[in-house]
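Below is one structure, written out as structure tokens; comments come after it.
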Amino acid sequence: MSNMALSKRVDLLPALRHLQRAFLGPEKPDSTTLIAVLAELTGSTGTIAAHPAALSPAPGEAILAVPVLAGTRWLGDVVLRRTGAPFSADEELLAEFGAALAAAVLTANEAHDSEADDHRRSAARAAASSLSITERRAMSRLLQAWTGGPVTVRLKDAAEDAGVHHSSLVQALARLRAAGVIQAGSRGRRGVRLHVLNPLLLDELHD
């Protein structure tokens with residue numbers, strides 16, 4: 001795009017509507033898409049800076065930075081850069097509108113993540129509470145080898161360490177598997193292949 005094209009004043013009302021459609025469209029909005037649309041409308045490149053950045057424009061470069069705020073909480077800055085004409089007052093208004101929409105998206109994502117964490121915590125707590133104290137101890141011992149991926153473990157060793165019968169540990173595994181917090185499959189004499197689907201289970205087993 002030429003400098004002449006960049007220097008043309010943005011048509012504010014249609015641009016605002018375009019940005020609003022990106023937010024209210026059929027697809028779930030995300031901050032990256034909103035900033036991409038904002039950048040397209042202003043003939044610039046755009047990012048959300050997660051940390052306050054020293055804005056040092058290159059020769060001939062114009063920079064516009066607008067804070068993304070959720071109430072009084074700072075979530076970052078919308079930063080637009082382009083070569084050519086400085087950003088106009090209308091473009092600043094458009095960027096402020098884009099920053100407000102980005103704040104709404106980011107806070108909604110935070111709320112969703114928090115709700116998902118609460119659900120995972122509740123599921124892990126319910127699964128752990130289905131076990132006896134000794135079964136918890138045995139499962140904790142069994143899962144010590146888990147480091148984030150599937151691992152093969154020996155039930156007999158963990159059962160002996162915890163002082164429970166092998167069959168009790170098998171039943172405990174079955175309950176956790178039914179609760180959807182682990183995956184478990186027999187590997188014959190080698191033991192059982194385990195994968196923890198809900199890592200919060202480990203915390204609950206230690207409580």
Side-chain angles (χ1 to χ4, degrees), residues 22-37 46-51 68-71 73-78 99 101-207:
F23 179 74
L24 299 175
E27 299 295 329
K28 182 180 178 181
D30 62 82
S31 57
T32 302
T33 300
L34 287 172
I35 300 308
V37 172
T47 59
I48 292 184
H51 304 283
V68 180
L69 300 173
R73 188 161 61 95
W74 179 85
L75 302 178
D77 286 327
V78 170
L101 294 181
V105 170
L106 292 172
T107 53
N109 289 342
E110 286 180 349
H112 180 269
D113 290 344
S114 177
E115 182 179 349
D117 285 342
D118 289 344
H119 176 74
R120 286 192 292 268
R121 174 66 67 185
S122 297
R125 183 171 294 123
S129 66
S130 71
L131 309 180
S132 67
I133 293 176
T134 53
E135 286 172 343
R136 285 193 191 193
R137 186 163 60 246
M139 285 303 307
S140 180
R141 163 69 175 80
L142 191 66
L143 295 175
Q144 282 180 354
W146 186 76
T147 58
V151 61
T152 300
V153 295
R154 292 178 59 83
L155 297 186
K156 181 179 179 181
D157 295 340
E160 289 178 352
D161 288 348
V164 299
H165 194 273
H166 175 270
S167 61
S168 296
L169 195 51
V170 171
Q171 293 175 14
L173 274 174
R175 286 196 290 274
L176 296 182
R177 186 179 178 184
V181 294
I182 66 167
Q183 287 179 337
S186 175
R187 288 296 182 269
R189 292 184 178 181
R190 288 182 295 170
V192 174
R193 189 72 165 169
L194 290 180
H195 182 46
V196 179
L197 302 177
N198 186 340
L200 295 176
L201 173 68
L202 304 180
D203 295 334
E204 296 299 328
L205 292 174
H206 285 100
D207 290 345

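As a basis for the values below, the full set of heavy atoms in this structure was taken, side chains included, without hydrogen atoms, waters or symmetry mates.
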With a 4.5 Å heavy-atom cut-off, do Thr33 and Val105 have their side chains touching? no
Contacts of Arg193 meeting salt bridge (Lys or Arg N to Asp or Glu O under 4.0 Å) (sequence neighbours excluded), chain-then-number -> none
Interatomic distance, CD@Glu204 vs OG@Ser140, rounded to 0.5 Å, equals 12.0 Å
With sequence neighbours left out, the residues meeting side chain to side chain contact (heavy atoms under 4.5 Å, CB included) with Gln171 are Arg175
> Any chance NE2 of His195 has more than 12 other-residue heavy atoms, nucleotides or ligands included, within less than 6.0 Å?
Replying inline: yes
(request) Start with the C-alpha gap between Leu205 and Leu131, add the side-chain angles, then the distance that decides, and say whether side chain to side chain contact (heavy atoms under 4.5 Å, CB included) holds. (result) CA-CA 9 Å; Leu205 292 174; Leu131 309 180; 4.0 Å; yes
Between the CG atom in Leu173 and the CD atom in Glu135, the distance rounded to the nearest 0.5 Å is 9.5 Å
Value for CH2 (Trp146) from CD1 (Ile182), rounded to nearest 0.5 Å, stands at 11.5 Å
task = Kindly indicate whether the side chain of Leu75, heavy atoms from C-beta on, has any atom under 4.5 Å from the side chain of Ile48.
result = no
Interatomic distance, CG@Leu194 vs CE@Met139, rounded to 0.5 Å, equals 6.5 Å
Rounded to the nearest 0.5 angstrom, the CG-CG distance for Leu69 and Leu106 is 11.5 Å
Check: Within the distance-only criterion (no hydrogens, no angle test), does the side chain of Arg136 pair as donor or acceptor with the backbone N or O of Ala128 below 3.5 angstrom?
Finding: yes
- Message: In the structure I gave you, are the side-chain heavy atoms of Val68 and Trp74 within less than 4.5 Å of one another anywhere?
- Response: no
Between Val37 and Ala22 the two heavy atoms that sit nearest each other are CG2-CB, 4.0 Å
Looking only at heavy atoms, the pair that brings Val181 and Ala123 closest together is CG1-O, 4.2 Å
